[in-house]
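For reference, the structure is listed below as structure tokens.
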Amino acid sequence: MRYSRPTTFFRIFYYSFSTLRRPLRATPKFPRTAQHLRLKSSMSSIPFIGSLFSRSGSSSANMDTSYPVQKSPDEWRAVLNKEQFRILREKGTEPPGSGKFDKHYPSEGVYTCAGCSAPLYKATHKFKSGCGWPAYFDSIPGAVTRHEDRSFGMARTEITCSNCGGHLGHVFKGEGYATPTDERHCVNSVSLNFSPDDKVVEGKSQGAGDGESKV
């Protein structure tokens, strides 16, 4: 005996039931190709995104054996908080106007490195620039080292602590400020501590030689 072909209704019911019984396919995972990784890493090279959401450098960039104070990344993490490590050891940047020393103008005292306590700037070096970060027209001799910085597709001069290599910020020249040097050391507040007692001997700083170093 031959049975007639299923009606349209039963064909639709059978197809729908079979479809529901099938396991859902997981979203395919594409392999992390070299191109994918390059694209991800390139996001930090965009100045706005890089400054707010990512690290501007790596802790290995500060592992220069020429600095008197030498610590491994883990050793630095043990003595610095998360934000200090990001800025001092990974060359990060704090948001403008957010630093505790941005509008801090004492008549005397010394700004020291938050990583190693080496004296960096005297209170009399600080001036109002309106840039959103602490600004100094000069540093204690030998306290700061300059490096060429070509990140973000531009040429700048990075400044680091001469004692431990901690990232401070950048120095800019020729902006027209009415200061003795016409320079602006644009420094992250997170990179600094302040001591109201000025005990710096002119021409000397902890762990540094005579004169500002340039690399």
Side-chain angles (χ1 to χ4, degrees), residues 41-64 67 69 71 73-106 109-123 125-140 143-173 175 177 179 183-196:
S41 64
S42 68
M43 294 300 291
S44 62
S45 67
I46 302 174
F48 178 76
I49 296 177
S51 62
L52 297 181
F53 304 109
S54 65
R55 297 162 182 166
S56 301
S58 64
S59 57
S60 61
N62 297 89
M63 294 297 289
D64 188 327
Y67 296 113
V69 174
K71 295 180 186 291
D74 287 339
E75 288 173 326
W76 280 117
R77 287 189 179 93
V79 297
L80 301 175
N81 63 39
K82 187 176 181 180
E83 185 68 353
Q84 287 175 328
F85 185 86
R86 183 183 75 85
I87 292 177
L88 281 166
R89 309 316 306 177
E90 297 182 322
K91 304 181 184 294
T93 303
E94 66 192 13
S98 66
K100 63 181 178 179
F101 296 130
D102 178 28
K103 298 180 180 179
H104 182 247
Y105 299 102
V110 175
Y111 294 91
T112 62
C113 175
C116 68
S117 299
L120 300 173
Y121 300 97
K122 300 178 71 172
H125 290 147
K126 200 168 190 295
F127 71 101
K128 296 180 180 180
S129 69
C131 67
W133 290 272
Y136 306 85
F137 64 79
D138 204 354
S139 64
I140 294 170
V144 171
T145 299
R146 303 187 182 204
H147 306 267
E148 184 181 33
D149 178 6
R150 291 192 172 274
S151 61
F152 303 146
M154 63 183 78
R156 296 180 296 170
T157 301
E158 180 198 5
I159 46 177
T160 61
C161 170
S162 295
N163 195 45
C164 70
H167 174 74
L168 303 176
H170 293 82
V171 62
F172 303 92
K173 190 174 181 65
E175 294 178 318
Y177 290 105
T179 60
E183 285 191 344
R184 175 172 61 92
H185 291 228
C186 185
V187 183
N188 291 285
S189 289
V190 172
S191 299
L192 303 171
N193 284 323
F194 178 75
S195 172

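Heavy-atom basis, side chains included; hydrogens, waters and symmetry copies ignored.
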Worked verdict on Tyr111 versus His104 for ring pair (Phe, Tyr, Trp, His ring centres under 6.0 Å): CA-CA 11 Å; Tyr111 294 91; His104 182 247; 5.7 Å; yes
Could you walk me through whether Tyr177 and Phe127 pass the ring pair (Phe, Tyr, Trp, His ring centres under 6.0 Å) check? CA-CA 9 Å; Tyr177 290 105; Phe127 71 101; 5.2 Å; yes
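In terms of modelled atom types and a separation under 3.5 Å, the side chain of Lys126 and the main chain of Phe101 share a donor-acceptor contact.
Atom CZ of Arg86 sits about 9.5 Å away from atom NE2 of His167, to the nearest 0.5 Å. To the nearest 0.5 Å, the span separating SG on Cys113 from CG on Leu88 amounts to 5.5 Å. Taking NE2 of His125 as the reference point, atom CD1 of Ile140 lies at 6.5 Å (rounded to 0.5 Å). Going from atom CZ of Arg77 over to atom CZ of Phe85 covers 3.5 Å, rounded to the nearest 0.5 Å. Ile159 CD1 to His147 NE2: the interatomic distance, rounded to the nearest 0.5 Å, is 10.0 Å.
Between Pro134 and Ser189, the shortest heavy-atom distance links the atoms CG-OG, 3.2 Å. Scanning all heavy atoms of the two residues, the minimum distance from Pro119 to Thr112 falls at CA-CG2, 4.0 Å. Minimum interatomic distance between Cys161 and Leu120 (heavy atoms only, all atoms of both residues): SG-CD2, 4.1 Å. Listed here is the closest heavy atom pair of Ala114 and Val190: CB-O, 3.5 Å. Across Ser139 and Val144, no two heavy atoms sit closer than the pair CB-CG2, 3.7 Å.
Side-chain contact between Trp133 and Asn188 is present, with heavy atoms from C-beta onward closer than 4.5 Å. Side chains of Tyr121 and Leu168 form a contact here, defined as non-hydrogen atoms less than 4.5 Å apart. In this structure the side chain of His185 never reaches within 4.5 angstrom of the side chain of Ser129, judged on heavy atoms. Side chains of Ser191 and Glu94 form no contact here, defined as non-hydrogen atoms less than 4.5 Å apart. With a 4.5 Å cut-off on side-chain heavy atoms, Glu183 and Phe137 do not count as touching.
Between His170 and Phe172, the ring-plane angle classifies as tilted under the 30° and 60° cut-offs.
Cation-pi geometry between Lys128 and Tyr105 is satisfied (NZ or CZ under 6.0 Å from the ring centre, within 45° of the ring normal).
Using modelled atom types and a 3.5 Å distance limit, the side chains of Thr145 and Tyr67 yield no donor-acceptor pair.
Screening Arg89, Gln84, Glu83, Lys91 against Ile87 for a side chain to side chain contact (heavy atoms under 4.5 Å, CB included) leaves a single residue, Glu83.
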